[in-house]
Amino acid sequence: MRTGPVVVLLLGSLAASLSVAPPRRVGAAEWPVTVVTVAGVGDTLRKGRTTWTRAELRDEVFEGDAVRTAAATRLSLRTVTGHTLRMGPGTRLVLLADGTTAGDRAPRVRMTGGWLWVAALPVAGARSQLDIEVGPAMVSVLRGGVAVRVNRDGSVMVRTHHGGAVASGPGDRREWERPMSERQEVLVPIGAAPALSRPLAPDEFEAEWVKWNEDQDLAGGYGGRAASQ
């Protein structure tokens, strides 16, 4: 049986429409996250359990679960829509709201210690892609590559290597807010509001970590620039 040009056109249009990914919904679920890289030793703790188990590639981590990294470990988690959370040594994350049960609130994690780099895909608008509860601050990642480090004294360093973020606090009270555009930083002390955001300062302590993440962001389509530039 011959297929007429109209039928062929309709079939072609249908195939094209099926190949285009649907737009991301506001409040879309980001969990479960998937373990996509493990270099060293990482563990997961399932909600309601008391025993940690070794994290493996392609493990899925759900709301209420926790992930931790040992010394000299890097572990990366990818959300449903493609954002990536890269955990450095001595970091612990707990997955909280996934973005579907809290109205227009962003998905949220709690960070305890260590180093975290969030690589957020570019999305139209000024809505937070991920909120991080960490020490005295709430860090809202808007886009790009945002690094968070908990210092030994409990203070929190937030750096936007590319993209943008807002640090606020304490907790959800948002008595102060410090927006950061590309290549800015804010140091959040314990028990006081931080100074205004300032230009990103070179930090030899983080140099190798930054270079690795910048390279990962460029390769993964998250934007940014080569760390040596």
Side-chain angles (χ1 to χ4, degrees), residues 21-37 42 44-48 55 58-69 75-88 91-150 156 158-174 177-180 188 213 216-217 220-223:
R24 183 182 186 276
R25 294 181 294 110
V26 172
E30 294 288 0
W31 310 160
V33 297
T34 303
V35 178
V36 291
T37 62
T44 59
L45 179 65
R46 300 301 177 181
K47 184 178 181 180
R58 294 181 291 279
D59 278 354
E60 291 187 327
V61 185
F62 295 83
E63 183 174 343
D65 294 347
V67 186
R68 70 181 181 186
T69 55
L75 185 149
S76 299
L77 305 167
R78 185 163 297 155
T79 73
V80 170
T81 60
H83 306 312
T84 297
L85 295 83
R86 304 193 193 103
M87 302 170 62
T91 305
R92 176 173 171 173
L93 296 181
V94 179
L95 273 62
L96 304 177
D98 72 353
T100 60
T101 58
D104 62 353
R105 203 168 79 174
R108 181 175 293 199
V109 300
R110 181 180 297 121
M111 177 184 178
T112 305
W115 313 40
L116 179 67
W117 183 292
V118 178
L121 291 166
V123 177
R127 182 178 182 272
S128 174
Q129 304 305 306
L130 181 78
D131 286 347
I132 306 162
E133 293 181 6
V134 52
M138 181 77 69
V139 179
S140 298
V141 178
L142 306 180
R143 59 194 175 278
V146 178
V148 181
R149 185 185 78 211
V150 180
V156 176
V158 185
R159 291 186 165 108
T160 52
H161 292 272
H162 58 96
V166 178
S168 62
D172 280 318
R173 298 205 301 272
R174 298 183 185 271
E177 287 192 352
R178 300 292 183 265
M180 287 164 284
V188 184
N213 279 287
Q216 295 290 312
D217 283 1
Y222 296 102

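In this text the structure is predicted, and so the values were computed from the model without any measurement.
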Original post:
Can you tell me if Thr69 uses its side chain to pair, donor with acceptor, with the backbone of Thr91 under 3.5 Å?
Top reply: yes
Original post:
Which atom names give the shortest non-hydrogen contact between Glu60 and Arg46, and what distance separates them?
Top reply: O-NH1, 2.6 Å
Subject >> Flag side-chain contact, heavy atom, 4.5 Å: Asp65 against Leu95 >> reply: no
Original post:
Going from CG on Asp59 to OG1 on Thr44, what distance comes out if it is rounded to the nearest 0.5 angstrom?
Top reply: 6.0 Å
Original post:
Should the ring pair Trp117 and His162 be called parallel, tilted or perpendicular, given that the plane angle runs from 0 to 90° and is split at 30 and 60?
Top reply: tilted
Original post:
What closest approach, in Å, do Ala106 and Ser128 show between heavy atoms, and which atom pair accounts for it?
Top reply: CB-O, 3.4 Å
Subject >> Nearest heavy atoms of Gly164 and Val146, plus distance in Å >> reply: O-CG2, 3.9 Å
Subject >> Heavy-atom donor-acceptor pair, Trp31 side chain to Gly99 backbone, under 3.5 Å >> reply: no
Subject >> Approximate separation, where rounding is to 0.5 Å, of Glu30 CD and Thr79 OG1 >> reply: 3.5 Å
Original post:
Is there side-chain contact between Pro122 and Arg143, with heavy atoms separated by less than 4.5 Å?
Top reply: no
Subject >> Residue pair Val35 / Leu77, side-chain heavy-atom distance below 4.5 Å >> reply: yes
Original post:
Closest heavy-atom contact between Leu121 and Gly221?
Top reply: CD2-O, 4.2 Å
Original post:
Does Ala165 offer a backbone N or O that forms a donor-acceptor pair with the side chain of Thr160 under 3.5 Å?
Top reply: no
Original post:
Taking side chain as C-beta onward, heavy atoms only, is Asp131 less than 4.5 Å from Pro107?
Top reply: no
Original post:
Nearest heavy-atom pair of Thr81 and Ala29: which atoms, and what distance?
Top reply: CG2-O, 4.4 Å
Original post:
Do Leu130 and His83 have side-chain heavy atoms sitting under 4.5 Å apart?
Top reply: no
Original post:
In Å and rounded to the nearest 0.5 Å, what is the CZ to CG distance from Arg127 to Leu142?
Top reply: 11.0 Å
Original post:
Out of curiosity, Asn213 CG to His161 NE2, how far, rounded to the nearest 0.5 Å?
Top reply: 8.0 Å
Subject >> Contact summary for Ala119 and Asp217, nearest pair of heavy atoms >> reply: CB-OD1, 3.3 Å
**OP:** Supply the atom-to-atom distance Leu85 CG to Arg78 CZ, rounded to the nearest 0.5 angstrom.
**Re:** 11.0 Å
Original post:
Hey, does Glu133 have a side-chain heavy atom less than 4.5 Å from the side chain of Leu96?
Top reply: yes
Subject >> Rounded distance (nearest 0.5 Å) linking atom CZ of Arg159 with atom CE of Met180 >> reply: 11.0 Å
